[in-house]
Amino acid sequence: MHRLVTLEYVSRLQVVSGKGGTGKTTVAASLALALATEGKRTLLVEVEGRQGIAQLFETEALPYEERKIAVAPGGGEVYALAIDPELALLDYLQMFYKLGGAGRALKKLGAIDFATTIAPGLRDVLLTGKACEAVRRKDRRGRFVYDYVVMDAPPTGRITRFLNVNDEVAGLAKIGPIHNQAQAVMRVLKSAETAVHLVTLLEEMPVQETADGIAELRAARLPVGRIIINMVRPKVLDAADLELVRAVPRASVARALSSAGLGGARRGGHAERLVEPLLAQAEEYRERYVLEQEQRGVLGELGLPVHELPLLAEGMDLAGLYELATELRRQGIS
């Protein structure tokens, strides 16, 4: 059961992580739509180069530029950006060293790819730095360009290392622009401006990885936001129903099926042959129900707001994203 929690202050940088297969990109996209409602403007950032956002919004591959991809209810706008670490490094070099054409020459020579490969900490500084720059950016009238920035971040197993860029570059640069950039990024990431959400399923491995990820984030003093349980199956029977199913005589089940027109009442009839498969299906559901309740208990002990998103019977498409965004708003996540 989710807790309906509305925060007075919603962090402007919303980072979404989760174990692979939990649907974190779908949740990040839905969250961006939810935050953009009522005239707000949201930037949805992708850092893994998978073009998952473009697929969800049924648009062409995203270039390294901010592009409007959706209009939210109430006239809000969702922009998207797929951050390319090589191009981000060129931006960085141009900003601090004014390389101009020399930067493009370095890229052609493979120096940019070489730099981001041998120094993964630098790569993460560039990726997180671009998102943090969008958070801080203001227009000529001094207003924030984006009300919110939502980052579709790396999986839970490496989210803490990805965000804790200050430690990653400590051995790379003690002083200078790279060091200063890392410090500026960490000031945003460790402030109330940021919230890191973890997406999970009601299964043991994703729940355990979520608990481990939260512990790591807290140890690194990174701000953990909420737990979002994704792809929750509809509730068919509750605990009392399941106990009744286990206790009711099979003959009574057969008679009930016959009364519903599902076969004759005679012994060995169609209704009687349906009893065992139905009860087996009910037992399978009971086992899953018990497991899911146990996992809800584990998540409830982590001390964070917990939200649930339904498994969409028709699969995920653009209409499904809007449906999930509406559900997130209903639960007070924005």
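Just so it is clear, the structure is predicted and the values come from calculations on it, not from any experiment. FYI, the numbering just counts along the sequence from 1.
The pair Glu48-Lys24 meets the salt-bridge criterion, since a charged nitrogen lies less than 4.0 angstrom from a carboxylate oxygen. A salt bridge does not link Arg161 to Glu216: none of the charged side-chain nitrogens sits closer than 4.0 Å to a carboxylate oxygen. Using a cut-off of 4.0 Å between Lys/Arg side-chain N and Asp/Glu carboxylate O, Glu60 and Arg67 are scored as salt-bridged. Between Glu292 and Arg288, at least one side-chain N (NZ, or NE/NH1/NH2) sits under 4.0 Å from a carboxylate O, which counts as a salt bridge.
Side-chain atoms of Asn230 do not come within 3.5 Å of backbone N or O of Leu201 as any donor-acceptor pair. Without hydrogens or angle criteria, His197 side chain to Ile227 main chain gives no donor-acceptor distance under 3.5 Å. Side chain of Ser17 to backbone of Pro154: a donor-acceptor contact under 3.5 angstrom is found. In this structure, the side chain of Arg329 engages the main chain of Ala34 through a donor-acceptor pair within 3.5 Å. Checked by atom type and distance alone, the side chain of Glu46 pairs as donor or acceptor with a backbone atom of Gly52 at under 3.5 Å.
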**Request:** Step by step, work out the salt bridge (charged side-chain N to carboxylate O under 4.0 Å, His left out) result for Glu66 and Arg137.
**Result:** CA-CA 13 Å; Glu66 293 158 24; Arg137 192 190 313 159; 2.8 Å; yes
**Asked** Run the salt bridge (charged side-chain N to carboxylate O under 4.0 Å, His left out) check on Arg187 and Glu193 step by step: do they pass?
**Response** CA-CA 9 Å; Arg187 281 195 292 273; Glu193 281 194 294; over 6 Å; no
**Message:** Please determine whether side chain to side chain contact (heavy atoms under 4.5 Å, CB included) holds for the pair Leu291 and Arg286, giving the CA-CA distance in whole Å, both sets of side-chain angles, and the decisive distance to 0.1 Å.
**Reply:** CA-CA 9 Å; Leu291 174 63; Arg286 187 193 68 81; over 6 Å; no
**Asked** Should Met186 and Asn164 be marked as a side chain to side chain contact (heavy atoms under 4.5 Å, CB included) after you check the CA-CA gap, both sets of side-chain angles, and the distance that decides it?
**Response** CA-CA 7 Å; Met186 291 313 300; Asn164 209 21; 3.5 Å; yes
**Candidate pair Glu204 and Gln208, rule side chain to side chain donor-acceptor pair (under 3.5 Å), full reasoning** = CA-CA 6 Å; Glu204 291 183 74; Gln208 184 58 55; over 6 Å; no
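Distance CG/Asp317 to CD/Glu323: 9.0 Å, rounded to 0.5 Å. The CG atom of Leu217 sits 7.0 Å away from the CG atom of Leu163 when rounded to the nearest 0.5 Å.
With sequence neighbours left out, Tyr79 forms a ring-ring contact (aromatic ring centres under 6.0 Å, His included) with Tyr146. Taking the side chain to side chain contact (heavy atoms under 4.5 Å, CB included) definition, one finds that Glu287 meets it with Glu283, sequence neighbours left out.
In the hydrophobic clustering of ILVMFWY residues, with side-chain heavy atoms under 4.5 Å counting as a link, Met205 and Val199 come out apart. Leu202 and Val298 fall within the same hydrophobic cluster, where Ile, Leu, Val, Met, Phe, Trp and Tyr residues are linked whenever their side-chain heavy atoms come under 4.5 Å apart, directly or through other members. When hydrophobic clusters are built by joining Ile, Leu, Val, Met, Phe, Trp and Tyr residues whose side-chain heavy atoms come closer than 4.5 Å, directly or via intermediates, Val15 is grouped together with Leu302. Taking hydrophobic clusters as Ile, Leu, Val, Met, Phe, Trp and Tyr residues chained together by side-chain heavy-atom distances below 4.5 Å, Leu309 shares a cluster with Leu318. Under the 4.5 Å side-chain heavy-atom criterion for Ile, Leu, Val, Met, Phe, Trp and Tyr, Leu56 and Leu62 are members of the same hydrophobic cluster.
With a 4.5 Å cut-off on side-chain heavy atoms, Asp124 and Arg158 count as touching. With a 4.5 Å cut-off on side-chain heavy atoms, Pro310 and Leu324 count as touching. Proximity of Leu35 to Lys40: side-chain heavy atoms (C-beta onward) are nowhere separated by under 4.5 Å. Residues Met231 and Leu312 are not in side-chain contact: their nearest non-hydrogen atoms beyond the backbone lie 4.5 Å or more apart. The shortest distance between side-chain heavy atoms of Phe57 and Leu44 falls below 4.5 Å. Side-chain atoms of Val224 and Arg218, non-hydrogen and from C-beta on, do get closer than 4.5 Å to each other. In this structure, Asp212 and Thr156 have side chains that are not in contact, with every pair of non-hydrogen atoms separated by 4.5 Å or more. Using a 4.5 Å cut-off on side-chain heavy atoms (C-beta onward), Lys19 and Thr210 make no contact.
Considering all non-hydrogen atoms of both residues, Tyr285 and Pro234 come closest at OH-O, 4.2 Å. Scanning all heavy atoms of the two residues, the minimum distance from Val71 to Tyr322 falls at O-OH, 2.7 Å. Shortest non-hydrogen contact noted between Pro63 and Leu81 is O-CD1, 4.4 Å. Between Phe144 and Lys138 the shortest heavy-atom distance is CE2-CE, 3.6 Å. The heavy-atom pair separating Val185 from Gly129 by the smallest distance is CG2-CA, 3.5 Å. The minimum heavy-atom distance linking Val47 with Ile83 is given by the pair CG1-CD1, 4.2 Å.
Put simply, the residue from Val16, Ile53, Val78 that forms a side chain to side chain contact (heavy atoms under 4.5 Å, CB included) with Val150 is Val16.
Counted within 6.0 Å of CD on Glu314, heavy atoms from surrounding residues, nucleotides or ligands total 12 or fewer; the atom is thus considered open.
Annotation: side chain to side chain donor-acceptor pair (under 3.5 Å) contacts involving residues 25-36, sequence neighbours excluded, comprise Thr25-Arg50, Thr25-Asp152.
Checked by atom type, the side-chain pair Gln51/Gln55 shows no donor-acceptor distance below 3.5 Å.
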